[in-house]
Amino acid sequence: MRLRALAAPLAALIVFPALLVWLAQRPGLEQLDMHFYDRALPLAAQSPSPEILIVAIDEPSLAALGKWPWPRETHAKLLDRLADAGARSVMLDLLLMEPSEDAAQDERLAQAMEQLPVYLPLQANRTPSIPRVAPDEFLTPLPMFQERAAGVGHAELVLDADGIARSLFMRLGPPDNARPYIGLLMAGRVPPSSQSRGITDAAGWRYADRLLIPYAGPRGSYRTVPYVNVLHGELSPEFLRDRIVLVGSTTPGLGDQVVAPLAGHAQLLAGVEVHANAIDQLMHRRSIRVPGWLESYLWIGLPLWLAAWLFWRFEGAGLTRLAGVALGTVLVSLAALYWLRWWLAPATPVVGLLALYLIWNWGRQRSQLRYLQQRAELLQALPAGAFELPPADWRQPRHALPSNRVLDRAISRMVGLQVLAESTIQAMPVGVLLCDAQGLVVGSNAAARELLSVANCPEAAARQLQHLPDLLRSMRPQSKTLAHTDGAPPAWIGQVHGEYTTKDERHFQLLIAPVIPGAAPAPSGYIVALADLTSERRAQQQRELWHRFLSHDLRNPQASILALIDLEELDAGASPLSSAIRREALRTLQLAEEFLDVSHAWTGSYRFTPAHLGALLFDVRDQVCAYAARKQVELVLRIADEDEEIELNVDAALLTRAVVNLLNNAIRHSPSGSVVQLCLGADEREVAIAVIDEGTGMSEAALQQLLSGTNEASVGQPSGEQGVRSHGLGFEFVRTVVARHGGAIDGTAAPEAGSTFWMLLPRQA
């Protein structure tokens, strides 16, 4: 019998670790493990190898050699310097996919690559519009460079779900064209088999042989020299001799920049420095091992099995033992990372221990509640109070249980608690009824009698004469019943509903819960709560009235008009009258949508966060470029180099929508073949976002009305494509969003001469 009782817990202890292994690879536990990994990573940090040298394309080099990209003759001279100094190998973290305007420069660079081993990166093709590369393939260097390169491999930095670069994949790409990692080639390691295990993303790309990177420390841990210093020969040949040189950008905005777990904290790191850490690890074979499925199962299962044995073997102090096992798990994880370079994620087993404790504690509580339930049967001897059901007709246990002093003292206090409960229920503002199993009202408080208009009825009449379905029959039911019952409910519960409306238009909700005393086989009665919902329903009616006006009363008739026009045009062809009707119907539909947008802009809560305006305008351009192409309007984005990194504290979503509205307006009123410009400028006090078009323009009076919002302005002429005139709400949304940001909007326009609008946003929020 005892072995049979232990069968279910033992089976659960076998299955539970397997479930945790599966959950450890899902969002949540995976992020928790990675967070702990970031903090523990300094224990396995590698010392930066002096053999690796980063030649940085940095700000001093850009200032000395001019704007990027530099002529390939410049890179050829750099390789000449490195070859003369006796460098071991070079990785050019540059994209050499397109030929130069001067073919001689390409040939010069190719000749320079023959002097020493040069490795070139591949770039994943995420833009299928490039004609010479098939979609979902790699962008490769020019053939003349590939032929002279010592190796060509991928240099993709794959981020985890939280956006942090913790690892690289040794083989990556489409299943039939997976490429080895470039650092693997530079370290002289054999690329893994194409049949090795890995993961596949939604696009079909395969990521195999993951390599965790034990970062050497914060940015700058590896020796870094400016590109211009090497190019001009300012470094001695002895300094460069036998070095593994990585040439890449460390300037933000010019090369890869990723967030990496450096020194226990997430920091920004240049892509070339990530490759330096990975190549150093591959050269010296200091990889961090990750356990397989069976090893993960044992790692998670052992602490759980130890804790389960402690809970079973010793009574009490369960939380203390659990904390000891959890602490030991964390210490073992740290020791394995420090001495063995094994990453045993501790978060998953610790979460499993917590779940095991909750289950074990829940089992203990169940046994205690079972004991208290048996002791509570003694309460049946107490006389029924004014708001208490009489004892149900069920057999008491034959054998009396041992007395419990605490519970016996509680029984002696039950009479006083019963009086307290009676007075409390009578004073409650929520109506409460007590019904027996047949639905007769045997108790009620003052709030229930007042709500049901039986305030003058004596309590005896309420107990004996009133059946709950009969009492509610004169009221209008609003919804079906919401009853919490065990098993099949009595027939009278099916006759009542969840919400009612009284004759004086008061609303209340009917909630029913069973009363099951002790171990009775069926409920002996039911508690019915009458929650007053009058104020909530009246407010809801007002909201529904407005939404019905906007979504149904205003939109549906217009949709019907458009459908009738479509039928008419199918039979008789388009006419000027039908086009005008279509335009006004579409205008009404847009009015409803824009009204909701403006309402949110007026009263909604704004979330201000730092945002780069350059990136925001690039996003705006991407959103409206399809519309501009359809209208055959050229869209030009003008941002000066010094303005690309302007950062403001804004609500990026609402500001983006405002600029999109302004830009769509300009495109809508611009003729085919014209140009619409989106510009960004700034001074010390404020930032200006301008939209310039060559469209129909407007008069000075119409412009002032539009800017001031004094009345609805008709901006320009019908669009031609949809025939919808702007009614000013879209511009009201723009004006409101700019005002909520502490800025202002202004503009200039003239009939048939285009319009210019600009938003002025203060730098100080």
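- A 4.5 Å side-chain heavy-atom check between Ile639 and Leu613 finds every atom pair outside the cut-off.
- Taking 4.5 Å as the limit, some side-chain heavy atom of Pro180 sits within range of a side-chain heavy atom of Leu185.
- In this structure, Arg189 contributes its side chain and Leu282 its backbone to a donor-acceptor pair below 3.5 Å.
- Tyr207 does not carry Arg210 over the face of its six-membered ring by the limits of under 6.0 Å from the centre and within 45° of the normal.
- Side-chain atoms of Asp693 come within 3.5 Å of backbone atoms of Gly695 as a donor-acceptor pair (strictly under, hydrogens ignored).
- When all heavy atoms of Ala658 and Val734 are compared, the pair lying nearest together is O-CG2, 3.4 Å.
- Surrounding CZ of Arg685 are at most 12 heavy atoms belonging to other residues, nucleotides or ligands under 6.0 Å away.
- For His741 and Phe608, the ring centers sit closer than 6.0 Å to each other.
- Put simply, the side chain of Leu120 reaches to within 4.5 Å of the side chain of Leu96, judged on heavy atoms.
- Partners of Glu234 under the side-chain hydrogen bond (donor to acceptor under 3.5 Å, both in side chains) rule, at least two apart in sequence or in another chain, do not exist in this structure.
- Classification of Asp242 and Arg88 as a salt-bridged pair holds, one side-chain N sitting under 4.0 Å from a carboxylate O.
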field: Evaluation steps, side-chain contact (heavy atoms from CB on, under 4.5 Å), between Ile213 and Ile288
entry: CA-CA 7 Å; Ile213 304 174; Ile288 298 177; over 6 Å; no
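- Within 6.0 Å of atom CD in Glu101, 12 or fewer heavy atoms from other residues, nucleotides or ligands are found, so the atom counts as exposed in its surroundings.
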- prompt: Does the side-chain contact (heavy atoms from CB on, under 4.5 Å) test come out yes or no for Ser755 and Thr748, once each step is laid out?
  reply: CA-CA 6 Å; Ser755 305; Thr748 61; over 6 Å; no
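- A side-chain N or O of Ser100 and one of Asp106 form a donor-acceptor pair less than 3.5 Å apart.
- No side-chain heavy atom of Trp205 sits under 4.5 Å from any side-chain heavy atom of Asn177.
- Salt-bridge formation is detected for the pair Glu107/Arg148: a Lys NZ or Arg NE/NH1/NH2 atom is positioned less than 4.0 Å from an Asp or Glu carboxylate oxygen.
- In this structure, the side chain of Ser61 engages the main chain of Tyr227 through a donor-acceptor pair within 3.5 Å.
- The closest donor-acceptor contact from the side chain of Thr250 to the backbone of Ala270 lies at 3.5 Å or more, if one exists at all.
- Counting only distance, with no hydrogens or angles, the side chain of Ser674 and the backbone of Ser670 share no donor-acceptor pair below 3.5 Å.
- From Asp38, atom CG reaches atom CG of Asp160 across 8.5 Å, with rounding to the nearest 0.5 Å.
- A 4.5 Å side-chain heavy-atom check between Met91 and Ile182 finds at least one atom pair inside the cut-off.
- Residues Lys631 and Ile667 share a closest heavy-atom pair of CE-O, 3.7 Å.
- Trp68 and His75 have tilted rings, their planes meeting at an angle from 30° to 60° on a 0 to 90° scale.
- Counting heavy atoms from C-beta outward, Leu262 and Glu273 have side chains that stay 4.5 Å or more apart.
- The backbone N or O of Gly173 sits nowhere less than 3.5 Å from a side-chain atom of Arg206 that would complete a donor-acceptor pair.
- Between the CG atom in Leu142 and the CD atom in Glu98 there is a gap of 7.0 Å [rounded to 0.5 Å].
- To the nearest 0.5 Å, the span separating CD1 on Ile164 from CZ on Arg166 amounts to 4.0 Å.
- At least one donor-acceptor pair closer than 3.5 Å links the side chain of Gln146 to the backbone N or O of Pro141.
- Between the side chain of Arg72 and the backbone N or O of Asp102 there is no donor-acceptor pair closer than 3.5 Å.
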message: With side-chain contact (heavy atoms from CB on, under 4.5 Å) as the criterion, how do Tyr215 and Leu41 come out once you've worked through the C-alpha distance, each side chain's angles and the decisive distance to 0.1 Å?
response: CA-CA 8 Å; Tyr215 287 96; Leu41 189 57; 4.0 Å; yes
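- In terms of heavy atoms, Val272 sits closest to Val247 at CG2-C, 4.4 Å.
- Closest non-hydrogen pair, Gly255 versus Ser249, comes out as N-OG, 3.6 Å.
- In terms of heavy-atom proximity, Asn649 sits nearest to Pro610 at OD1-N, 3.3 Å.
- Distance check: Asn229 CG to Asp58 CG gives 8.0 Å after rounding to the nearest 0.5 Å.
- Listed by first then second residue, pairs satisfying ring pair (Phe, Tyr, Trp, His ring centres under 6.0 Å) with a partner in residues 267-288 read Tyr181-His275, not counting sequence neighbours.
- For Tyr338, the OH atom sits in a loose shell: 12 or fewer heavy atoms of surrounding residues, nucleotides or ligands are nearer than 6.0 Å.
- A salt bridge is absent between Arg763 and Glu684; no separation between the charged side-chain nitrogens and carboxylate oxygens falls under 4.0 Å.
- A distance of 4.0 Å separates CD1 in Ile692 from SG in Cys679, rounded to the nearest 0.5 Å.
- A donor-acceptor pair is defined here as one N or O able to donate and one able to accept, closer than 3.5 Å; such a pair exists between the side chain of Thr251 and the backbone of Ile57.
- Two residues are said to be in side-chain contact when any heavy atoms from C-beta on lie closer than 4.5 Å; Leu663 and Leu635 meet this criterion.
- A salt bridge between Asp651 and Arg607 is absent, with no side-chain N of the basic residue lying under 4.0 Å from a carboxylate O of the acidic one.
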- request: Please assess Leu246 against Leu53 for the test side-chain contact (heavy atoms from CB on, under 4.5 Å), listing each intermediate value before the final yes or no.
  value: CA-CA 6 Å; Leu246 309 182; Leu53 176 67; over 6 Å; no
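- Checked options Arg108, Gln105, Lys77; the residue passing with Pro71 is Gln105 (criterion: side-chain contact (heavy atoms from CB on, under 4.5 Å)).
- Between Tyr119 and Leu92, every side-chain heavy-atom pair lies at or beyond the 4.5 Å cut-off.
- Contact record, Val259 with Gly163: CB-O, 3.9 Å, taken as the closest heavy-atom pair.
- Heavy-atom neighbours of Arg638 CZ from other residues, nucleotides or ligands within 6.0 Å: at or below the threshold of 12.
- Taken to the nearest 0.5 Å, the CE atom of Met113 stands 10.0 Å off from the CD atom of Glu147.
- Every residue two or more places apart in sequence or in another chain that forms a side-chain contact (heavy atoms from CB on, under 4.5 Å) with Gln46 is listed here: Pro214, Ala216, Tyr222, Asn277, Asp280, Gln281, Arg286.
- Without hydrogens or angle criteria, Arg179 side chain to Leu122 main chain gives no donor-acceptor distance under 3.5 Å.
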